[in-house]
Each structure stands twice: as structure tokens, then as C-alpha cells.
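Worth saying up front: this structure is predicted, and the values here are computed from it rather than measured. Reckoned from all heavy atoms, side chains included, excluding hydrogens, waters and symmetry mates.
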Amino acid sequence: MYEPHTPEPSPPPPPHSTAGRAEHAVSWLTEGEEAERTLAQSLDDLPNERDDRLARMAALLQATARGLDPRAAAVWADVPEHLVHSWLAQDPAFAAAIEAATALARAHGAQLPGRRTPAAIRVAVLAVSRGADRNTAAQVAGLKPHEFRKLRKASPLLEVLVGAARARRSKSSPSSYLRRRAGDTAPSGGFRLIQRDNP
């Protein structure tokens, strides 16, 4: 009896090759939430609402201290931008911490205009992995699209990183954390399971 031939899956690239390094980096950037869930499950529990919120706030502080603006920091922390502004308005302690992180970045030159940093590249790669095109990803990261194109042409590793991020987005649910234009439909999926705090 004839059995259709099923092609063998492509083997993963060698870990120390350019493609292997890029895939490892993108996996590390995009699978942190799964690691958090695993840590919580080791205690037979889901992340609770408070812990989830504090973890997101901490990520926003780290991104801000690296010189990123609120929009880029929101992508870094995987938080809707409108929620960042809501936290800033409603939580004085968080707002003060963000102000201190901004001052830290400014004092150490992390906010110099036009500076190209690994933090900006991280945001661009994350944005691509969540469905943004290259130009939008560049703008979210604080880079001009033509600058991002030049960087990719000058760095084969960066181009492979962007390609790995594009491949990653087809394997995961799209994120709603990139700003959508009026009329755009909200993506499906992308929900996080957390345990609500007691009122």
C-alpha cells in the first residue's frame, strides 16, 4: 500500500552558528513568560495578579533605565502602552521609580539622541516577533527606518535576528501590546492566566 512521504523536519542550526545564535536569542526574548509560569507551577500555583503586575513594572523600570521611552519600554515589558500610562497616573510609587530610572539613564548618557543600543535592537526584534513590520519595529525602538535598514545591511547577525523573529511570530499568538491604529481588529489569543487578588 502506498504511503505518502512525509518530509523530515529541518534539523536545528548548530548552536554556535549565526542562525543558531539568533534563534537562541529570540527564544530567550520571547519565552520568558513561559519560564515565569513554570516557576509559579513549581509552587503548585498560578502567578497572582500582584506578582504579575510587579514583574511588569520591574521590567518597565529596567527598560527605562536603559534609555527607552514609554512606548519602547512597553514592548520590552510586554505591557499595553495605555496600561503603562494608567499605572503612572494611579501609582505614585511607580511614577517616582520611573522618574528615577529616567534620571539614571540621562545621567549615564543612555538617552543620547540617535544612540544605537542593544536595548533598542531588543525592542525592534521583539516588535517583529509580535507581528510588526520592519519599519514599524524600527520606529517603536526609536530608530529611523532607513537607519535600521543600514544597520541590518552592515550586520549579518542582526539581519538573521530579524529573520528569526519573523519566523517566531508564526509559531506564537500575536501580541496586542503594539499600538494599533483606529479600525484595526484586536488579535486573538495572547491571554495570560493569572490568579486574581482577593478584594
Side-chain angles (χ1 to χ4, degrees), residues 13 17-36 55-85 87 98 101-102 105 110-192:
S17 67
T18 298
R21 291 166 62 201
E23 286 196 11
H24 177 76
V26 172
S27 294
W28 178 78
L29 288 174
T30 57
E31 294 176 1
E33 190 172 306
E34 181 60 34
E36 291 286 347
R56 306 285 168 176
M57 287 180 169
L60 288 163
L61 289 170
Q62 182 187 15
T64 302
R66 298 286 295 271
L68 298 175
D69 65 18
R71 187 184 185 195
V75 174
W76 173 296
D78 205 13
V79 176
E81 189 180 353
H82 70 85
L83 187 55
V84 177
H85 293 293
W87 286 346
I98 286 290
T102 301
Q111 287 188 321
L112 293 176
R115 186 176 181 193
R116 301 162 184 172
T117 66
I121 297 303
R122 174 172 175 164
V123 169
V125 169
L126 281 170
V128 170
S129 75
R130 295 171 190 160
D133 59 50
R134 293 180 179 91
N135 288 348
T136 301
Q139 292 167 346
V140 168
L143 302 169
K144 295 181 180 178
H146 75 273
E147 291 177 336
F148 194 42
R149 284 194 296 270
K150 288 175 65 176
L151 285 173
R152 298 198 324 269
K153 286 182 180 179
S155 171
L157 179 55
L158 177 55
E159 185 66 16
V160 175
L161 275 168
V162 173
R166 285 172 58 85
R168 170 69 53 170
R169 72 187 183 193
S170 65
K171 301 176 184 178
S172 58
S173 298
S175 171
S176 62
Y177 291 178
L178 291 174
R179 181 185 294 166
R180 296 192 298 272
R181 295 185 296 271
D184 288 351
T185 56
S188 60
F191 294 105
R192 297 197 303 276

> Which heavy-atom pair separates Val75 from Arg130 by the least distance, and what is that distance?
Replying inline: O-NH1, 2.7 Å

> When rounded to the nearest 0.5 angstrom, what is the spacing between NE2 in His24 and CG in Leu29?
Replying inline: 9.5 Å

>> Let's go through His85 and His82 carefully: what are the C-alpha distance in whole Å and the side-chain angles of both, what is the deciding distance for side chain to side chain contact (heavy atoms under 4.5 Å, CB included) to 0.1 Å, and is it a yes or a no?
In response: CA-CA 5 Å; His85 293 293; His82 70 85; 5.7 Å; no

>> Please find the pair of heavy atoms, one from Ala141 and one from Ala120, that lie closest to each other, and give the distance.
In response: CB-O, 3.2 Å

>> Quick one, Lys144 and Lys150 - any side-chain contact, counting heavy atoms below 4.5 Å?
In response: no

> For the residue pair Ala101 and Leu61, what are the closest heavy atoms and their distance?
Replying inline: CB-O, 3.8 Å

>> I need the Phe148 CZ to Thr136 OG1 distance, nearest 0.5 Å.
In response: 11.0 Å

> Has the side chain of Thr30 got a donor or acceptor atom that lies under 3.5 Å from a matching backbone atom of Val26?
Replying inline: yes

>> Please check: side-chain N/O of Arg56 versus main-chain N/O of Ala77, any donor-acceptor pairing under 3.5 Å?
In response: yes

> Is it true that the side chains of Thr117 and Arg122 contain a donor and an acceptor less than 3.5 Å apart?
Replying inline: no

> Minimum heavy-atom separation for Gly20 to Ser17, with atom names?
Replying inline: N-OG, 3.0 Å

> To the nearest 0.5 Å, what is the distance between CG (Leu157) and CZ (Arg152)?
Replying inline: 13.5 Å

>> Does Arg149 form a side chain to side chain contact (heavy atoms under 4.5 Å, CB included) with Asn135? I'd like the steps, not just the answer.
In response: CA-CA 9 Å; Arg149 284 194 296 270; Asn135 288 348; 3.5 Å; yes

>> Counting C-beta onward and ignoring hydrogens, is there a side-chain heavy-atom pair between Trp87 and Ile98 closer than 4.5 Å?
In response: no

>> Testing the basics here: between Val128 and Val162, what is the closest heavy-atom pair and its distance to 0.1 Å?
In response: CG1-O, 3.8 Å

> Do Arg71 and Val123 pass the side chain to side chain contact (heavy atoms under 4.5 Å, CB included) test, and can you show the C-alpha distance, the side-chain angles, and the key distance before you say yes or no?
Replying inline: CA-CA 10 Å; Arg71 187 184 185 195; Val123 169; over 6 Å; no

>> Using 0.5 Å steps for rounding, measure from the CG atom of Leu143 to the CG atom of Leu151.
In response: 6.5 Å

>> If you compare all heavy atoms of Leu68 against all heavy atoms of Ala73, which two are closest, and at what distance to 0.1 Å?
In response: CB-N, 4.1 Å

> Atom CD of Glu23 and atom CZ of Arg168: how far apart are they, to the nearest 0.5 Å?
Replying inline: 7.5 Å

